[in-house]
Protein chains: 2
Amino acid sequence: MADINSSAKDSGGKAGPADVAGGDAAAPGSGKAPIWDIIELLFFAYRDFVGDPDEVLAKFAFGRAHHRVLHFVNRHPGMKVADLLDILNITKQSLGRVLKQLVDQGYVLQKEGDHDRRQRLLYVTAKGEALSLKLAQLQTERIERAFGELGPGAHDAARRFLTAMIDNDNREEVLRLISRAERVKRS
Amino acid sequence: MADINSSAKDSGGKAGPADVAGGDAAAPGSGKAPIWDIIELLFFAYRDFVGDPDEVLAKFAFGRAHHRVLHFVNRHPGMKVADLLDILNITKQSLGRVLKQLVDQGYVLQKEGDHDRRQRLLYVTAKGEALSLKLAQLQTERIERAFGELGPGAHDAARRFLTAMIDNDNREEVLRLISRAERVKRS
DNA sequence: TATTTATGTCAGCCATGTTGACATATTTTG
DNA sequence: CAAAATATGTCAACATGGCTGACATAAATA
């Protein structure tokens, strides 16, 4: 299928990372000039980032929806269904579909809440943890490869950038979620 | 059940951006310790990043698929259908569906290739460009807000990080695509 | 006791991805 | 030139994972 860019030699530049931005000429009448490079890089980076796990998931007949659920349950054991709904921004019906599969196949289990017996607190099983970890390690390889190519401050810089990209409303909540994750763990 | 990361430390800080990482203790027998913070931050950042345009698109009865097509056609006018398929990593049937709607409603137009009359080169109309720009500016606002919060080197750092996250195979191609975009532009 | 909350479920719709088969025009190749 | 390869489009069927609406149940709360 036809290489997309058979394009001859592409005039000089090797397009080193510092050269990517493209022209900065703003559209005359409109607002600011779009930051095209970051917009496109985010698309491609995320596409590849989620692409790795997809291949593994396919073998299990799972999709990205399963991955997201499994990931957050693994990272935040004992979370309520409602918490998960908030994080994923989907309806309970959508969640129910994939959650049921994960439970039926023994990746996730639900426990009645201690204080509130209406709640179904979510935990991964050993099997679920293993899969979640496997997927996370695929993504970690990519991240570490990237950090390896960049300088020593790379992790911190990435963390700061990504954090700043999150909605201001959610940000504190997200940071709390992330930093609290390891404290809780399965008892 | 292998505790993957029973961090225990965590110093009870305020979870400032520099403290988010969580424990670094590797799981004893398994591979490396997953870089959870970046994995999750990427999820949340991307979720919000694509969330802004979604609201606007809904008013036009368009979805993300339309957005992606419109974006790339706007940025890379005159591209072949095959190029777009490669970039988006979808089948021609999937592309055909949304492309047809964009053409029918006057956002995109197709021109026979000059040298190869089998090709249908893609261009945005004025209407298409306006919508594409509007969406890009929403995303740009978020990016600029982020860069504003971070130091002066933020744009470069983000570009380097995102670039390093892309598949090595595609990377050169992607960078060429991005850097060439503004040179071509509408004549 | 009455209401609210947390969760689940049935039923159906929509957007967007997939595969497979096939059609048409055009370019390239033997 | 004839045959093959290429660029694109289309029909049909199906899968995934969103959505809404309606309704059910158990438990907590007012």
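By convention in this document, chain letters (A, B, ...) are assigned in the order of the sequence lines, proteins followed by strands, and residues within each chain are numbered from 1.
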(Q) For a quick test of reading the model, state the closest non-hydrogen atom pair linking Asp86(A) to Arg47(B) and the distance between them. (A) O-NH1, 3.9 Å

Below 3.5 Å between N/O atoms, which protein atoms pair up with nucleotides 25-27 of chain D? Just atom names and distances, please.
residue	atom	partner	partner atom	Å
dA27(D)	OP1	Arg117(A)	NH2	2.9

Q: Pull out every residue in residues 88-103 of chain B that has a heavy atom closer than 4.0 Å to any atom of DNA chain C, ordered by number, or say none.
A: Asn89(B), Ile90(B), Thr91(B), Gln93(B), Ser94(B), Arg97(B)

(Q) Can you tell whether the side chains of Glu141(B) and Arg145(B) come within less than 4.0 Å, N to carboxylate O? (A) no

Q: Quick one: list whatever passes side-chain hydrogen bond (donor to acceptor under 3.5 Å, both in side chains) with Gln105(A), sequence neighbours left out.
A: none

Q) Lys80(A) has an atom NZ; how far is it from atom C1' of dA28(D), in whole Å? A) 12 Å

Q | Residue list, side-chain hydrogen bond (donor to acceptor under 3.5 Å, both in side chains) with Asp104(A), at least two apart or on another chain | A | Lys100(A)

Q. Just checking, is any N or O donor in the side chain of His67(B) or Asp54(B) under 3.5 Å from an acceptor N or O on the other one?
A. no

**Q.** Protein-nucleotide distance (His67(A), atom NE2; dG18(D), atom P), rounded to Å
**A.** 14 Å

Q | By side-chain hydrogen bond (donor to acceptor under 3.5 Å, both in side chains) - contacts of Gln101(A) (at least two apart) | A | His66(A)

(Q) What I want to find out is whether Glu129(A) reaches Lys134(A) closely enough, with some N-O distance under 4.0 Å, to be called a salt bridge. (A) no

Q: Could you tell me if the ring centre of Phe72(B) sits under 6.0 Å from that of Phe44(A)?
A: yes

Q) Separation of Asp114(A) atom CG from dA28(D) atom C1', in whole Å? A) 15 Å

Q. Do Arg75(B) and His71(B) have side-chain atoms, one donor and one acceptor, less than 3.5 Å apart?
A. no

Q: Nearest whole angstrom, please: distance from the P of dT8(D) to the CG of Leu85(B).
A: 8 Å

Q) Is a salt bridge present between Arg142(B) and Asp167(A), judged by a nitrogen-to-oxygen distance below 4.0 Å? A) yes

(Q) Under 4.0 Å between a side-chain nitrogen and a carboxylate oxygen: does that hold for Glu172(B) and Arg176(B)? (A) no

(Q) How many whole angstroms separate atom CG of Leu57(A) from atom P of dA15(D)? (A) 19 Å

**Q.** Boundaries of the DNA chain C segment in contact with chain B, non-hydrogen, under 4.0 Å
**A.** dT16(C) to dT27(C)

